[in-house]
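These notes concern the structure reproduced below.
Numbered from 1 within each chain, the chains take letters A, B, ... in sequence-line order.
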Amino acid sequence: MSVPRFWRRLKNVYNLIGTQCENCGMYYYPPRSLCPKCRRSSLIIPFKFKGEGEVLTYTIVHSATKDFEKHVPYILAIIKLNEGPNLTSQVICSPEEIHIGMKVKSVFRKLGEESEKGMIYYGTKFVPLLNHSGK
Amino acid sequence: MSVGIVSYGAYIPRFRIKVEEIAKVWGDNANSIIDGLMVYEKSVPDIDEDTITIAVEAARSAIKRGRVNPERIEAVFTGSESHPYAVKPTSTVVAEAIGATPNLTAADFEFACKAGTAAIQACVGLAGSGMIDLGLAIGSDVSQGAPGDALEYTAAAGGVAYIIGKKEIAAEIESTYSFTTDTPDFWRREGMPYPEHGGRFTGEPGYFKHVTSAATGLMEKLGTKPSDYKYAIFHQPNGKFPSRVAKMLGFSSEHIKPGLVVSRLGNTYSGSCMMGLAATLDIAKPGDRIFVTAFGSGAGADAFSINVTDRIEELRNGAPSVEELLADPIYINYSTYARHKNKIKL
Ligand SMILES: [Zn+2]
């Protein structure tokens with residue numbers, strides 16, 4: 001990903017900021033500027049997701065490009081946020097631990113870097129929701 | 001009007017490596033190292049964790065605990081000796097990731113292990129003078145010890161964030177006092193991956209001289225003595241140093257017990273003393289007085305005298321305690337550890 005392209009999306013990626021259509025109540029992530037249901041009567045506002053959801057499905061990646069070699073094996077999952085929208089993200093846990101329906105929460109991690117001297121990209125990934133007495 | 005801690009939050013990565021596991025690789029005697037350092041295991045960052053991600057997690061925890069509106073934060077200062085960028089602030093990423101941008105000032109602090117407490121002092125000054133509403137001071141590190149160096153047994157990862165202000169104070173910072181000299185006990189040159197140190201004899205002119213000078217300086221300034229305090233926290237590069245300096249100053253082992261987290265955590269550098277304070281605030285009661293002295297090589301010490309207020313009870317269950325963060329670790333072996341810490345380049 002190029003630096004300008006990442007920069008434009010940075011606020012959304014850091015804080016899981018998507019949008020909500022006030023007309024029908026639907027939530028969108030990544031953000032949409034038009035509600036596909038309401039079209040011209042869309043009332044789009046920014047919305048910060050709480051960052052909790054569950055694993056809908058996942059895949060365990062065993063061979064990766066050079067940038068992600070260190071992470072292998074890692075888990076890519078489709079996560080359904082509690083507010084509704086689905087997104088694809090890495091889930092940080094062991095392959096033995098991951099399962100469909102697993103409750104997860106968002107964390108702030110390194111997503112990658114351009115090169116040893118280039119930009120470091122930060123953003124949102126997910127981890128199992130540990131029960132720190134509901135904290 | 002008084003200034004103090006409005007909220008606080010800590011973060012510790014889930015991975016740990018035991019001292020025995022490191023000793024095995026280098027052929028050292030694990031028991032003599034454990035006895036010497038009073039450290040059993042240390043935290044290790046995940047592959048995608050660094051000083052910035054740890055600082056963000058600690059800051060988010062502080063915001064959550066105190067139910068603070070991040071837009072009220074008008075200064076973000078992050079102290080670390082392992083900022084991921086040589087040029088480009090850690091604090092701007094943190095400010096963006098907590099939703100405090102753009103109306104604030106931000107800067108990174110560096111002073112070995114006391115960069116985070118220097119950040120607290122700056123926030124106390126800015127909030128106290130009314131220049132800002134709330135300030136966020138963070139100590140965060142993913143410290144590195146060269147493979148085979150004694151530091152490898154203790155260099156750990158973790159971060160702690162304090163929100164400083166004048167309203168809704170959970171712990172009043174009644175006074176602070178610092179002692180600073182040019183002492184070459186520990187250093188790392190630009191571009192070098194691992195620090196160098198003056199060896200095992202640097203404790204006397206470095207740690208002990210500076211910690212005792214700042215601590216006695218503050219108690220003289222306030223007219224207080226160790227028995228006036230319920231708890232005390234001293235910078236914990238290992239378990240021995242803070243235990244010894246507490247005794248030298250007249251504090252008991254009961255004073256330092258709740259804050260002495262180094263045995264199960266290792267030295268989190270900029271987070272070290274601040275983590276001890278967080279663990280102590282986790283159990284402190286309204287009216288408790290807490291004495292804190294941080295130390296940074298190079299060298300300097302920052303002492304603080306803190307009064308816990310009634311509001312501490314409101315913060316109690318808002319975010320994970322240090323004990324909860326220390327619980328349920330995932331133990332890793334040396335080869336996984338080396339991969340996590342990028343130790344392949346030797
Ligand atoms: Zn709609």
Side-chain angles (χ1 to χ4, degrees), chain A residues 3 6-17 46-52 61 64 67-75 89-97 105-114 116-135, chain B residues 9 11 13-15 45-61 64-65 70 83-88 90 92-102 142 159 191 315-328 330 332 336 338-342 344-345:
Chain A
V3 172
F6 184 79
W7 191 9
R8 277 195 297 273
R9 292 182 45 209
L10 190 141
K11 253 189 206 308
N12 304 95
V13 177
Y14 281 10
N15 285 310
L16 271 182
I17 294 171
F47 180 82
K48 187 176 182 297
F49 290 93
K50 191 160 178 275
E52 289 180 14
V61 181
D67 304 356
F68 286 88
E69 254 171 13
K70 278 207 314 182
H71 295 261
V72 167
Y74 66 91
I75 298 152
S89 169
Q90 190 181 336
V91 174
I92 304 153
C93 69
S94 71
E96 296 81 54
E97 210 179 337
K105 66 163 187 176
S106 63
V107 289
F108 194 77
R109 295 286 177 118
K110 265 167 80 169
L111 301 181
E113 56 189 43
E114 275 187 299
E116 200 170 349
K117 63 175 184 180
M119 267 280 296
I120 306 168
Y121 298 124
Y122 295 95
T124 303
K125 291 185 184 178
F126 287 80
V127 295
L129 184 66
L130 286 173
N131 198 10
H132 276 318
S133 33
K135 293 164 199 167
Chain B
Y11 179 77
R14 270 191 84 192
F15 297 99
D46 205 340
I47 291 164
D48 54 4
E49 290 185 302
D50 65 10
T51 291
I52 288 182
T53 66
I54 289 171
V56 168
E57 290 293 338
R60 284 178 175 175
S61 175
K64 195 176 167 199
R65 180 191 299 277
H83 292 291
Y85 289 102
V87 178
K88 188 189 176 321
T90 294
T92 55
V93 183
V94 174
E96 196 77 61
I98 59 169
T101 51
V142 286
L315 300 185
R316 193 77 71 198
N317 294 311
S321 66
V322 174
E323 274 307 319
E324 284 171 315
L325 294 167
L326 283 170
D328 195 24
I330 300 168
I332 57 174
T336 308
R339 198 162 62 112
H340 279 230
K341 300 283 282 182
N342 250 333
I344 322 293
K345 49 179 176 200

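- For a residue to count as touching a neighbouring chain, one of its non-hydrogen atoms must lie under 4.5 Å from one of that chain's; by this rule B:Arg14 touches chain A with the side chain only.
- Other residues, nucleotides and ligands contribute only 12 or fewer heavy atoms inside 6.0 Å of the NZ atom of A:Lys50.
- Between atom OG1 of residue B:Thr53 and atom NZ of residue A:Lys125 there is a gap of 9.5 Å, rounded to the nearest 0.5 Å.
- Between A:Phe108 and B:Ala97, the closest heavy-atom pair is CE1-CB, 3.7 Å.
- Of the two parts of B:Glu96, the backbone and the side chain both hold a non-hydrogen atom closer than 4.5 Å to a non-hydrogen atom of chain A.
- Looking at every heavy atom in both residues, B:Tyr85 comes nearest to A:Gly118 through CE2-O, 4.5 Å.
- When all heavy atoms of B:Pro84 and A:Ile120 are compared, the closest pair comes out as CB-CD1, 3.8 Å.
- Note that CD1 of B:Ile330 and CD of A:Glu97 are 6.5 Å apart. Values are rounded to the nearest 0.5 Å.
- With values rounded to the nearest 0.5 angstrom, B:Ile47 atom CD1 is found 10.0 Å from A:Arg109 atom CZ.
- Here CD1 of A:Ile92 is found 4.5 Å from CG of B:Asp48. Values are rounded to the nearest 0.5 Å.
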inquiry  = The test is side-chain contact (heavy atoms from CB on, under 4.5 Å); show your working for B:Arg60 and A:Asn15 and say whether it passes.
reply    = CA-CA 11 Å; B:Arg60 284 178 175 175; A:Asn15 285 310; 3.1 Å; yes

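- Proximity to chain B (any heavy atom under 4.5 Å) is restricted, for A:Leu10, to the side chain, taken from C-beta onward.
- Between the side chain of B:Arg339 and the backbone N or O of A:Lys70 there is at least one donor-acceptor pair closer than 3.5 Å.
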